[in-house]
Enquirer: 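Dumping the structure here so I can ask a few things about it.
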Protein chains: 2
Amino acid sequence: MKAIRKVSTLKTRTARLSPEEIGRTFRERGLKVTPQRTAIYQTLIESPVHPTADHLYTQVKRVYPMLSLNTVYHTLGVLRNAGLTHEVNYWHDRSQFDGNINPHHHLICLGCRMIQDLTDASLDRLTVSSVRRTGFEVTGHQVEFYGYCTRCRRRNPAAKRKRKEWSV
Amino acid sequence: MKAIRKVSTLKTRTARLSPEEIGRTFRERGLKVTPQRTAIYQTLIESPVHPTADHLYTQVKRVYPMLSLNTVYHTLGVLRNAGLTHEVNYWHDRSQFDGNINPHHHLICLGCRMIQDLTDASLDRLTVSSVRRTGFEVTGHQVEFYGYCTRCRRRNPAAKRKRKEWSV
DNA sequence: TTATCTGCAAAGGCTTTGCACGACT
DNA sequence: AGTCGTGCAAAGCCTTTGCAGATAA
């Protein structure tokens, strides 16, 4: 596989939605509309940095000084369950280690959290030409495939699957 | 880009090294050779599941009942600094959220931990044919490019870079 | 011998849970 | 009115730090 030549874009600023649009989004998904929740979501989608809970807390607290960190966590959980946000590092609750130091990729089961190595020379050669223009120096890359392993599929077919809190 | 047709392999069992080979590996890198360390590393590289610290602790404790969890963490840190292991989810110390729910990929700065969105239709279409044979049902995927952002490169050129504890 | 490793204990940081009050539908 | 959200507090979990004794080079 050669370098990817298709158009790709780096997003430096995300969507800006009005509070009204956010309220509509919430109601569509059956979420109550509150000022804190609206502010947290707005801050999240406008942030270019994939903020932490504490980051959002600090930002939104400027507008709502009574805000508690707990509410931020709770709200993020609600947004996640509603499919309005993803956790970038959703396995944050524990570190996992990989003794394979050769380039490789991962198959990640969303059911049982199993991570399996995938070796594929084509994936090893992925590049994105547009990145070079941005000044970002790429030193490596890795592809993650998400899904369900055989055992989890047997135990829990797609039809009856519940969205796990850590799913993407 | 079409489905990748090159040979790819799923690793179900990892390397098996003798204690002597492990000892040599350690000495080559200036690490002391101890029974616990050898056992932890051997368990790590033989594990197909990308174990957690606790997982390794439980396993190795069967052979060395006096083993402490602290030693496992310390050893993993040493192995990581020596380049003998990577942390799969090296941002485990905090959750980060992404308000962009469209398919996209990430540029991750190992210097400042910045995560930037990368939209690229070609990357969106990646598939690995060999996965289908294994019974793993892929529901999504994502590419992570690691490296250094412009600011970190200016502040800390490649030549003087120290390996951060969270680097891959 | 000397640097470093191990194990115990305690601390630290982030996240979740429980509960009462308040707000949204 | 009823359900759900918010804020405070406390607990929980994982990981790191500090230190004394033990071990490898």
Side-chain angles (χ1 to χ4, degrees), chain A residues 19-20 22-41 50-58 60-61 63-82 84-85 87-97 113 164-166, chain B residues 19-20 22-41 50-58 60-61 63-82 84-85 87-97 113 164-166:
Chain A
E20 292 70 31
I22 291 175
R24 210 169 51 230
T25 302
F26 286 174
R27 265 182 280 266
E28 277 170 6
R29 313 220 173 194
L31 308 181
K32 287 193 175 172
V33 182
T34 68
Q36 294 94 326
R37 182 170 290 182
T38 304
I40 290 168
Y41 183 59
H50 301 71
T52 63
D54 192 68
H55 193 142
L56 292 168
Y57 175 62
T58 306
V60 177
K61 204 176 170 66
V63 186
Y64 297 96
M66 293 298 293
L67 182 72
S68 86
L69 183 54
N70 179 329
T71 297
V72 176
Y73 276 111
H74 178 77
T75 301
L76 287 170
V78 170
L79 295 176
R80 183 175 49 194
N81 291 339
L84 290 174
T85 183
E87 219 168 315
V88 175
N89 48 343
Y90 45 94
W91 261 283
H92 65 78
D93 62 342
R94 53 182 189 178
S95 51
Q96 277 175 274
F97 295 86
R113 303 181 134 199
K164 295 294 195 327
E165 70 166 343
W166 58 74
Chain B
E20 292 70 32
I22 291 175
R24 210 169 51 230
T25 303
F26 286 174
R27 265 182 280 265
E28 277 169 7
R29 313 222 173 191
L31 309 181
K32 288 195 176 171
V33 181
T34 68
Q36 294 94 327
R37 182 169 290 180
T38 304
I40 291 168
Y41 183 57
H50 302 71
T52 63
D54 192 68
H55 193 142
L56 292 169
Y57 175 62
T58 305
V60 177
K61 204 176 171 65
V63 185
Y64 296 97
M66 294 297 294
L67 182 73
S68 86
L69 184 54
N70 179 329
T71 298
V72 175
Y73 276 110
H74 177 77
T75 301
L76 287 169
V78 169
L79 294 176
R80 183 175 49 195
N81 290 339
L84 291 175
T85 184
E87 218 167 317
V88 175
N89 49 343
Y90 43 93
W91 260 285
H92 64 78
D93 62 342
R94 53 184 188 176
S95 50
Q96 276 175 276
F97 295 86
R113 305 181 133 199
K164 296 294 196 324
E165 70 165 346
W166 59 74

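Scope of the values below: all heavy atoms of this structure, side chains included, with no hydrogens, waters or symmetry mates. In what follows, every chain begins at residue 1, and chains take the letters A, B, ... in the order their sequences are listed.
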Enquirer: How close do B/K32 and B/R37 get, heavy atom to heavy atom, and via which atoms?
Expert: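 That would be O-NH1, 3.2 Å.
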Enquirer: Looking at DNA chain D, which of residues 32-41 of chain A put a heavy atom within less than 4.0 Å of it?
Expert: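 A/K32, A/T34, A/Q36, A/R37, in order of number.
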Enquirer: Provide the closest heavy-atom pair for B/S95 versus A/E87 in the form atom of the first, atom of the second, distance.
Expert: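 Where B/S95 meets A/E87 most closely, the heavy atoms are CB-OE2, 3.1 Å.
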Enquirer: With sequence neighbours left out, what residues match B/T25 under side chain to side chain donor-acceptor pair (under 3.5 Å)?
Expert: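 Counting only residues at least two positions away or on another chain, B/T25 forms no side chain to side chain donor-acceptor pair (under 3.5 Å).
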Enquirer: Roughly, in whole Å, what's the span from CZ in A/R27 to P in D/dC4?
Expert: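 About 16 Å, once rounded to whole Å.
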Enquirer: Atom CG of A/L69 and atom C1' of C/dT17: how far apart are they, to the nearest Å?
Expert: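 Taking atom C1' of C/dT17 as the reference, CG of A/L69 is at 14 Å.
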Enquirer: Are there any protein N/O atoms within less than 3.5 Å of an N/O atom in nucleotides 9-12 of chain D, and if so, which ones and at what distance?
Expert:
residue	atom	partner	partner atom	Å
D/dA9	N6	A/N70	ND2	3.2

Enquirer: Would one find a side-chain N or O of A/T75 under 4.0 angstrom from OP1 or OP2 of D/dT6?
Expert: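 Affirmative; the distance criterion is met.
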Enquirer: Starting from C1' on D/dA22, measure out to CE on B/M66 and report it in whole angstrom.
Expert: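 For the pair B/M66 CE and D/dA22 C1', the rounded distance is 12 Å.
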Enquirer: Looking at every heavy atom in both A/I40 and A/L56, which two are closest together, and how far apart are they?
Expert: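 Scanning both residues completely, I find the closest heavy atoms to be O-CD2, 4.2 Å.
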Enquirer: In whole Å, what is the span from the CZ atom of B/R94 to the P atom of D/dC13?
Expert: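 Going from B/R94 (CZ) to D/dC13 (P), I get 24 Å.
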Enquirer: Rounded to whole angstroms, how far apart are CZ on A/R80 and P on C/dT16?
Expert: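 Going from CZ in A/R80 over to P in C/dT16 covers 6 Å.
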Enquirer: Without decimals, in angstroms, what is the distance between B/H74 NE2 and D/dC14 P?
Expert: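 The answer, rounded to whole Å, is 21 Å.
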Enquirer: With a 4.5 Å cut-off on side-chain heavy atoms, are B/Q36 and B/T75 touching?
Expert: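 With C-beta onward as the side chain, the pair stays apart.
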Enquirer: How long is the line joining NZ of A/K61 and P of D/dT6, in whole Å?
Expert: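 Taking NZ of A/K61 and P of D/dT6, I get 14 Å after rounding.
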Enquirer: Quick one: label A/D54 by what it contacts on the DNA or RNA (base, sugar-phosphate, nothing), any heavy atom closer than 4.0 Å.
Expert: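 Result for A/D54 = nothing.
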Enquirer: Answer with base, sugar-phosphate or nothing: what part of the nucleic acid does B/T52 contact at a heavy-atom distance below 4.0 Å?
Expert: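 Nothing: the residue B/T52, judged by heavy atoms under 4.0 Å, touches no strand.
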Enquirer: Of all the heavy-atom pairs spanning A/V72 and A/A53, show the shortest one and how long it is.
Expert: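 Here A/V72 and A/A53 meet closest at CG1-O, 3.5 Å.
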Enquirer: If the condition is side chain to side chain contact (heavy atoms under 4.5 Å, CB included), which residues does B/T58 pass it with, not counting sequence neighbours?
Expert: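 Side chain to side chain contact (heavy atoms under 4.5 Å, CB included) check on B/T58 returns B/D54.
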Enquirer: B/Y57: what forms a ring-ring contact (aromatic ring centres under 6.0 Å, His included) with it, not counting sequence neighbours?
Expert: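 Residues passing ring-ring contact (aromatic ring centres under 6.0 Å, His included) with B/Y57: none at all.
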Enquirer: When the distance from CG of B/L76 to P of D/dC14 is rounded to whole Å, what number comes out?
Expert: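 Those two atoms, CG and P, are 15 Å apart.
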Enquirer: Sequence neighbours left out, what passes ring-ring contact (aromatic ring centres under 6.0 Å, His included) with A/Y41? Give chain and number order.
Expert: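 Applying ring-ring contact (aromatic ring centres under 6.0 Å, His included) to A/Y41 gives A/F26.
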Enquirer: At less than 4.0 Å, is any side-chain N or O atom of B/T71 found next to OP1 or OP2 of C/dG7? Yes or no.
Expert: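 Yes, B/T71 has a side-chain N/O under 4.0 Å of OP1/OP2 on C/dG7.
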Enquirer: Answer with base, sugar-phosphate or nothing: what part of the nucleic acid does A/L31 contact at a heavy-atom distance below 4.0 Å?
Expert: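 Nothing: the residue A/L31, judged by heavy atoms under 4.0 Å, touches no strand.
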